[in-house]
Every structure is written in C-alpha cells, then in structure tokens.
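First the structure, in the form of structure tokens, and then the observations on it.
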Amino acid sequence: MAIAQNLSHSPPMNPAAQQLPDLTGQTLSEAITILESYGFQFQTSTKGGYQTFEHPDGSIIHIRPNGEIVRTGPKIRGTDGKTYRRRYNRDGNQIKFEPGAKTHNTGEKVIL
C-alpha cells in the first residue's frame with residue numbers, strides 16, 4: 001500500500017503523530033496495538049533494533065532500541081524548497097529545533 005506524501009507548505013492540521021496518546025510506560029506490544037488502532041502500519045525493523053511505523057497521512061513513529069519513541073509528522077516543504085518533518089513530544093506538541101540544544105529527545109519511552 002502506498003503511503004501518501006504531503007509536500008505542501010502548510011502541514012495537515014493535527015497529523016496522526018500528534019494525536020497519539022503518551023505511550024510512556026506501555027509495553028512494546030501494548031504500544032504497537034495503540035499505533036495500529038490509530039492507523040499506523042509496521043514498515044521496517046533495522047539490524048540496530050529500530051522499528052518504524054507509518055500512517056497514511058505520512059506521519060512516522062520510530063521506536064528506538066532503548067524504547068524511546070520518536071514522532072514525526074508528514075513531510076512538508078519549507079520556503080527554501082527543502083523537505084523536512086516536524087517532530088512532536090509525547091503530549092503531541094511540536095518540538096522546536098534549536099541548534100546545539102538536545103531537541104531530539106522526546107521523553108517518551110516504552111517498556112521493552
């Protein structure tokens with residue numbers, strides 16, 4: 001099944017990655033059940049232990065080998081023409097990128 005790509009300047013309102021409940025404290029199997037109930041589908045697992053789930057709106061959820069959840073919205077195109085994904089924390093709020101700051105840690109973690 002092809003996953004839709006949104007490359008507009010305006011991101012969709014409330015992408016699926018933003019709508020998920022906080023998965024902190026859930027077991028991996030419970031988290032996967034929740035992801036599936038929100039329309040996410042398993043895409044891949046790397047040798048390093050990352051698992052990736054994608055939603056038809058283009059949102060992506062990565063589960064890192066340590067259980068940390070990384071939520072990103074659909075691809076959007078910036079005014080410079082480059083594409084990027086907004087990152088969201090466990091409450092669904094956008095994480096602002098600040099060069100030099102540790103803005104990649106979401107604080108959301110499942111039990112492995």
message = When you measure from the side chain of D57 to the backbone of P15, do you find a donor-acceptor pair of N or O atoms at a distance under 3.5 Å?
response = no
query = Is there a side-chain contact between S59 and Y88, using heavy atoms and a 4.5 Å cut-off?
reply = no
request  = Report the hydrophobic cluster partners of I69, with the cluster defined as I, L, V, M, F, W, Y residues connected by side-chain heavy atoms closer than 4.5 angstrom, directly or transitively.
outcome  = L20, L23, L28, I32, I34, L35, Y38, F40, F42, F53, I61, I63, V110, L112
note = Separation between CD (Q41) and CD (E36), nearest 0.5 Å, reads 9.0 Å
request  = Kindly compute the distance separating OG1 (T72) from CD1 (I60), expressed to the nearest 0.5 Å.
outcome  = 5.0 Å
ask   = Rounded to the nearest 0.5 Å, what separation is found between the CD atom of Q51 and the OG1 atom of T44?
value = 9.5 Å
message = To the closest 0.5 Å, what do you measure between OG1 (T106) and NE2 (H62)?
response = 11.5 Å
query = Does some side-chain heavy atom of P65 sit less than 4.5 Å from a side-chain heavy atom of Y50?
reply = yes
note = So CG of N93 and CZ of R86: to nearest 0.5 Å the spacing works out to 12.5 Å
ask   = Between Q43 and E54, what is the shortest heavy-atom contact and its length?
value = CG-CB, 3.5 Å
query = What's the shortest heavy-atom distance between R71 and P21, and which atoms?
reply = NH2-O, 2.9 Å
key: Separation of R64 CZ from E108 CD (nearest 0.5 Å)   = 11.5 Å
